[in-house]
*Asks:* 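Attaching a single structure in structure tokens format; questions to follow.
Just so we're clear, the structure is a prediction, and the values are computed from it rather than from any experiment.
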Amino acid sequence: GERKSLKLELKVLADVGLLGMPNAGKSTLISAISNARPKIADYPFTTLHPNLGVVRTSESRSFVVADIPGLIEGASEGAGLGHLFLRHLSRTRILLHLVDVSSQDPDDDAVDRAVGEARAIVEELRLYDETLYKKPRWLVLNKLDMVPTDERAARVKDFVKRFKYKGPVFEISALNREGCEGLVRAIYDHLQAQFQSTQAPEVV
């Protein structure tokens, strides 16, 4: 007889992948917009495995979102947990990069910290896989409910300028779902446009 030794790697299938530091609010977002109910807590690495959520924009229209453990600097070399699950984002059509722009410390430069964390995520993505790095990536600024209303516009503008980002930017609070509906509709429209450009079936 014959004997073979095989190594099988499972990759989840999702249309959208969530990226971000631990506690950026990824699990809160997927819980707010989909049927997924991940564990949520105020400490790092609450998410220990990929979570999939189906987001419905109507009875017949939906897409799938994947949430993986948060990335930290050095993830491409094995630090933290996120690197173990980055492969699950390889089949996604778009990545949402969640960034926490809030701060509970009045002496903390929230924008400087957020920019540093965002750059670290992008760099780890580049080091891990060039193809994944080149996927469409939207910026989602989260936890704006914790930023004084009269400071939000200036903080968002300052972050985008320092981060040198020129793509789509969404301002949300996943906790109270502020801005989430607009984000969901923009994602669905983008996915539909991609499917139509490749003459693929409609996202259902």
*Asks:* Output yes when E117 and R113 qualify as a salt bridge under the 4.0 Å nitrogen-oxygen rule, no when they do not.
*Replies:* yes
*Asks:* Drop me the distance from Q194's CD to D15's CG, to the nearest 0.5 angstrom.
*Replies:* 9.0 Å
*Asks:* Anything under 3.5 Å between a donor and an acceptor, one on a side chain of residues 131-140, the other on a protein residue two or more places apart or in another chain? List them.
*Replies:*
from	atom 1	to	atom 2	distance (Å)
K135	NZ	S90	O	3.3
K135	NZ	T92	O	2.5
R137	NH1	Y133	O	2.9

*Asks:* Please work out whether the ring planes of Y165 and F163 are parallel, tilted or perpendicular, with thresholds of 30° and 60°.
*Replies:* parallel
*Asks:* Using a strict 4.0 Å threshold on nitrogen-to-oxygen distance, state whether K26 and D100 make a salt bridge.
*Replies:* no
*Asks:* Report yes if some heavy atom in the side chain of V65 is under 4.5 Å from a heavy atom in the side chain of S34; otherwise report no.
*Replies:* no
*Asks:* Could you tell me the separation between the CG atom of D112 and the OG atom of S103, rounded to the nearest 0.5 Å?
*Replies:* 11.0 Å
*Asks:* Quick one: does R155's side chain get under 4.5 Å of V111's, heavy atoms only?
*Replies:* yes
*Asks:* To the nearest 0.5 angstrom, please state how far the CZ atom of R162 sits from the CZ atom of R119.
*Replies:* 9.0 Å
*Asks:* Please say which of N142, L183, L144 ends up in a side chain to side chain contact (heavy atoms under 4.5 Å, CB included) with E171.
*Replies:* L144
*Asks:* So is R56 actually on top of Y188's ring, under 6.0 Å and inside 45° of the axis?
*Replies:* no
*Asks:* Please tell me whether L175 and I30 are part of a single hydrophobic cluster in this structure, the criterion being side-chain heavy atoms less than 4.5 Å apart.
*Replies:* no
*Asks:* When you check the gap from the basic side-chain N to the acidic O, do E178 and R152 get nearer than 4.0 Å?
*Replies:* yes
